[in-house]
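Worksheet: the structure to be examined is printed underneath.
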Amino acid sequence: MKKVRTRFAPSPTGPLHIGGVRTALYAYLFAKHAGGDFILRIEDTDRNRFVPGAEEYIIESLNWCGIIPDESVTAGGPFKPYRQSERKEIYDKYIKQLLNKGHAYYAFDSPTDLEIQRRAAEKEGRVFSYDASVRMKLKNSLSMTDEETSRILASGEDYVIRIKVMPGETISFDDMVRGEVSFPSESLDDKVLMKSDGMPTYHLAHLVDDIEMQVTHVIRGEEWLPSTPTHILIYQALDLADRIPRFAHLPLLLKPEGSGKLSKRDGDRLGFPVFPLQWKDPVTGEISMGFREKGYYPEAFINMLALLGWNPGTEQEIFTLNELEQLFSIQQVNKAGARFDPEKAKWFNAQWLHRKPVNQLAAALKKQVLELGWHNNRTDSYFYKAAALLQPRVHFEYEMAQAGKYLFVTPDLLDEKVLAKKWKEPYRSFFTILKDNLANQQDFRAETIELTVKKTAEHQQLKPGEIMQLMRVLVSGQSSGVDLFPMMELLGSHEVVQRIESGLLKVKG
RNA sequence: GGCCCGUUCGUCUAGGGGUCUAGGACAUCUCCCUUUCACGGAGGAAACACGGGUUCGAUUCCCGUACGGGCUACCA
């Protein structure tokens, strides 16, 4: 049994979209589940679309997600180089083989020639396709004599090399997520294998590399499904039919609303990231937000992505990368496209935050509070307790300081709505008495505070329910927040008494 | 247009001939807990696109239709 090897092969044309990250994740999980290797290969055969910084961005993104390749440009490996632009000679060898066997041919049609063909076809309501039905009428080594071909080649004129697809065949293969898929060869065109600049196209390069790098399973997006039969034909032409990898074509990620696949525009329009990391366009300087910068944990991010199109068949929803590696199976991948739901993404982050150790949150909270300049003399124990109170009520770490502002700063405004609705002037004397009772209380713990409050209320013939909300507003300024009595304990007797005192002054009679 | 792929609650999905009165999660609504607020818990509303077959029986299999998506570049 051959060792399982999968790869993720992005092209460095910009930031990695979350659909791409998911593809990488599935390819990684598939390999790891089988105890195999995961390779990162950079497909940079198109010089025109190369974007500086994109390759580094891709590597950093995967790294942030914890998707660590066994072999890559940075990690090296037995099949280096892992950048296609550095593997030109290898492709040339394969091209020559195809040419020699008559499976590929030279084509001299200029881009303008082809454009004319397309227009003409369009006029007749057809779509031009460079295939067996027209190739003998075009300028190529099949329609010309060998002498002519040699002469043009020698003259240095631009040419491309195309695969010669024979009509009348049915190409079928067994896709791991879709099952048996088949195509008539007439529906295929003579795809360009080598461009006029001497670089191979994706179709040739990826296939050669997959063979050379001993890739066993090709896991990629659904957009590649229509070109897969051409790839199979190339394998066959190369006498590599017995080494064709298994294919798995993943469904696409769709927009949260409307139709079509998820794009950068959707993120901008609806206010959520579509990229793992923030990206600054080197040309326009435009900045696109990233999940990392939006406060998402990488664990939550990949957890969410993993469930977008895959499901283990149980009711568990929170998984570590490790668990995913153990449970992942390509048979459980859905066939239909999945809409990305930004709301559920937030929920995943909250779930992970609720599971974080409190001291991690305490450290984050401390940093935020210090940055805001709210208080710098709080003890670490204070931050720990504050973080513990805040933990269940936030979705992101960065929300903590603002959500618990009253734990650090005396409120200057009290919630008017609650006051208007619940305040009655007779309560003033109650709070005055309560304040004194609290001031005299030796043991200022949540339970004893609660007892004091209830006893005092009882003495004044008040129901605790009447004054609880008002007490919260007096102490925190807000109508909602962390557990009231633990909050008072944390603030301490002196602070609480002062806040009630100054709060009462702010309440209009 | 052509080729290919898909279609279970608003969204992510489980289930794949009878156990489906179609399960879970997000969002939404109600209630409970907390005489506060969240977390949490309980419950409600909410789906097998449609039409034909096959079958004793179809959400599940087959065929059509509709709808959605992808591809149709010397881009990947």
Side-chain angles (χ1 to χ4, degrees), chain A residues 9-13 43-46 48-49 84 107 109-111 114-115 118 121-122 124-130 158-162 175 177-178 181-184 186-189 191-197 199-203 205-206 220-229 249 251-252 254 256-257 259-261 304 307-317 332 334-348 350 354 389-394 403 418 450 453-454 457 463-473 476 478-485 487:
Chain A
S11 78
T13 53
E43 310 227 323
D44 55 349
T45 51
D46 185 356
N48 303 322
R49 295 210 311 156
Q84 290 186 329
D109 318 87
S110 69
L114 296 175
E115 191 49 39
R118 281 192 197 99
E122 200 179 332
E124 293 170 39
R126 294 180 301 109
V127 173
F128 173 72
S129 170
Y130 206 118
D158 272 357
Y159 65 86
V160 299
I161 296 171
R162 288 179 182 270
D175 189 276
V177 344
R178 279 149 221 286
V181 183
S182 63
F183 297 78
E186 300 87 87
S187 74
L188 272 28
D189 65 340
K191 286 205 185 320
V192 171
L193 264 22
M194 181 172 282
K195 300 179 269 187
S196 59
D197 65 358
M199 288 298 268
T201 57
Y202 168 87
H203 300 108
H206 94 276
R220 74 219 312 190
E222 194 185 7
E223 68 267 30
W224 295 110
L225 197 50
S227 54
T228 303
H249 288 95
L252 267 20
L254 274 17
E257 52 183 50
S259 60
K261 61 176 172 179
M304 170 216 49
L307 273 308
L308 221 46
W310 171 82
N311 187 290
T314 62
E315 284 176 4
Q316 185 182 348
E317 292 212 83
Q332 315 237 46
N334 268 287
K335 294 179 182 67
R339 272 182 205 277
F340 170 69
D341 181 358
E343 283 306 313
K344 193 142 188 188
K346 286 182 193 165
W347 178 81
F348 274 110
H354 296 336
L389 289 174
L390 259 3
Q391 184 170 29
R393 52 205 322 121
V394 294
V418 175
E450 186 170 357
V453 170
K454 286 180 180 170
K463 282 190 211 138
E466 290 184 71
I467 48 83
M468 290 291 274
Q469 185 87 350
L470 289 165
M471 186 161 66
R472 173 182 289 283
V473 171
S476 75
Q478 303 189 0
S479 60
S480 67
V482 304
D483 266 346
L484 184 51
F485 298 117
M487 169 174 99

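Bear in mind the structure is a predicted one, so any value in this text is a computation, not a measurement. Chain A is the first sequence line, chain B the second, and so forth, proteins listed ahead of strands; every chain is numbered from 1.
Nearest-nucleotide positions on RNA chain B for A:Ser479 and A:Arg49 put A:Ser479 closer to the 5' end. Each of A:Asp189 and A:Lys454 was assigned the nucleotide of RNA chain B with the nearest heavy atom; the assignment lying further toward the 5' end belongs to A:Lys454.
Every residue was checked against the salt bridge (charged side-chain N to carboxylate O under 4.0 Å, His left out) condition with A:Lys195, not counting sequence neighbours, and none meets it.
Rounded to whole Å, the separation between the C1' atoms of B:A22 and B:C31 comes to 26 Å. Across the P atoms, B:G68 and B:U21 are found 33 Å apart, a figure rounded to whole Å. Taking the P atoms as reference points, B:A14 lies 12 Å from B:C9, given to the whole Å. Across the P atoms, B:U59 and B:A47 are found 15 Å apart, a figure rounded to whole Å. Remark: the separation of the P atoms in B:G53 and B:C71 is 38 Å, to the nearest Å. Rounded to a whole angstrom, the distance from the C1' atom of B:C33 to that of B:G40 is 8 Å. Rounded to whole Å, the P atom of B:C37 lies 16 Å from the corresponding atom of B:C29. For the C1' atoms, the distance from B:G10 to B:A46 is 9 Å, rounded to whole Å.
In this structure, the separation between CG on A:Leu470 and OG on A:Ser479 is 11.5 Å, given to the nearest 0.5 Å. From A:Arg393, atom CZ reaches atom NE2 of A:His354 across 10.5 Å, with rounding to the nearest 0.5 Å.
Of all nucleotides listed (B:C71, B:G15, B:C74), B:C74 comes nearest to the side chain of A:Ser196. Comparing B:C75, B:C74, B:C12 against the side chain of A:Arg339 picks out B:C12 as the nearest. Of the listed nucleotides (B:G1, B:U35, B:C75), B:U35 has the atom at the smallest distance from the side chain of A:Pro464. In this structure, of B:G15, B:C71, B:C74, it is B:C71 that holds the atom nearest to the side chain of A:Glu223. The nucleotide whose nearest atom lies closest to any side-chain atom of A:Arg393 is, among B:C37, B:U72, B:G70, B:C37. The nucleotide whose nearest atom lies closest to any side-chain atom of A:Asn311 is, among B:G70, B:U13, B:C75, B:U13. When the nucleotides B:A76, B:G69, B:U35 are ranked by their closest atom to the side chain of A:Leu252, B:G69 comes out on top.
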Candidate pair A:Glu466 and A:Lys463, rule salt bridge (Lys or Arg N to Asp or Glu O under 4.0 Å), full reasoning
CA-CA 6 Å; A:Glu466 290 184 71; A:Lys463 282 190 211 138; 5.7 Å; no

Under the side-chain contact (heavy atoms from CB on, under 4.5 Å) criterion, do A:Thr228 and A:Arg220 qualify, and how do the steps go?
CA-CA 11 Å; A:Thr228 303; A:Arg220 74 219 312 190; 3.2 Å; yes

For A:Leu252 and A:Glu223, what are the C-alpha separation, side-chain angles and deciding distance, and is it a side-chain contact (heavy atoms from CB on, under 4.5 Å)?
CA-CA 8 Å; A:Leu252 267 20; A:Glu223 68 267 30; 3.4 Å; yes

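A:Lys454 and A:Glu450 are joined by a salt bridge, as a carboxylate oxygen and a charged side-chain nitrogen come within less than 4.0 angstrom of each other. Using a cut-off of 4.0 Å between Lys/Arg side-chain N and Asp/Glu carboxylate O, A:Lys335 and A:Glu222 are scored as not salt-bridged. Classification of A:Asp46 and A:Arg49 as a salt-bridged pair holds, one side-chain N sitting under 4.0 Å from a carboxylate O.
Among the atoms of the strands shown, none is found under 4.0 Å from any heavy atom of A:Gln84. At the heavy-atom level, A:Tyr202 lies under 4.0 Å from base atoms of the strands shown. At a threshold of 4.0 angstrom between heavy atoms, the contacts of A:Asp109 include nucleobase atoms, whether or not backbone atoms are also involved. In this structure, A:Val192 reaches the sugar-phosphate backbone alone: every heavy-atom distance under 4.0 Å involves primed, P, OP1 or OP2 atoms, never a base. A:Thr45 comes within 4.0 angstrom of sugar-phosphate atoms only, judged by non-hydrogen atoms across all strands, and of no base. Counting any heavy atom pair closer than 4.0 Å across all strands shown, A:Arg162 reaches sugar-phosphate atoms only and no base atom. Within the 4.0 angstrom heavy-atom criterion, no nucleotide atom of any strand lies near A:Arg220. Using a 4.0 Å heavy-atom cutoff across all strands shown, A:Leu307 reaches sugar-phosphate atoms only and no base atom. Residue A:Gly221 is out of contact with every strand shown, counting any heavy-atom pair closer than 4.0 Å.
OP1 or OP2 of B:C75 sits under 4.0 Å from a side-chain N or O of A:Lys195.
Using the six-membered ring where Trp is involved, A:Trp224 and A:Tyr202 have ring planes that are parallel, under 30° apart on the 30 and 60° scheme.
Heavy-atom contacts from other residues, nucleotides or ligands closer than 6.0 Å to NZ of A:Lys191 number more than 12. Within 6.0 Å of the CD atom in A:Glu122, the count of heavy atoms belonging to other residues, nucleotides or ligands does not exceed 12.
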Grab the N/O contacts between the protein and nucleotides 5-7 of chain B below 3.5 Å, and write none if there aren't any.
| unit_1 | atom_1 | unit_2 | atom_2 | d |
| --- | --- | --- | --- | --- |
| B:C5 | O2' | A:Arg178 | NH1 | 2.3 |
| B:C5 | O2' | A:Glu222 | OE2 | 3.2 |

Table of protein N/O atoms under 3.5 Å from nucleotides 25-27 of chain B N/O atoms:
| unit_1 | atom_1 | unit_2 | atom_2 | d |
| --- | --- | --- | --- | --- |
| B:A25 | O4' | A:Glu317 | OE2 | 2.9 |
| B:A25 | O2' | A:Glu317 | OE2 | 2.4 |
| B:A25 | O2' | A:Lys344 | NZ | 3.0 |
| B:A25 | N3 | A:Lys344 | NZ | 3.2 |
| B:C26 | OP1 | A:Trp347 | NE1 | 3.4 |

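Atoms CD (A:Glu122) and C1' (B:G1) sit 11 Å apart, rounded to a whole Å. When the P atom of B:C39 is taken as reference, atom CG of A:Leu389 falls 15 Å away, rounded to whole Å. Between the CG atom of A:Asp158 and the P atom of B:C74 there is a distance of 13 Å, rounded to whole Å. When the P atom of B:A76 is taken as reference, atom CG of A:Asn48 falls 10 Å away, rounded to whole Å. Counting to the nearest Å, the P atom of B:A38 and the CE atom of A:Met468 are 13 Å from each other.
Side-chain atoms of A:Val160 and A:Thr201, non-hydrogen and from C-beta on, never get closer than 4.5 Å to each other.
B:A25: Watson-Crick or G-U partner is B:U11, with both key distances under 3.5 Å. Partner assigned to B:U55 is none, using Watson-Crick or G-U wobble distances below 3.5 angstrom. For B:G68, the paired base is B:C5 (Watson-Crick or G-U wobble, both distances below 3.5 Å).
The base of B:C37 has none of its N or O atoms less than 3.5 Å from a complementary donor or acceptor on the side chain of A:Ser480.
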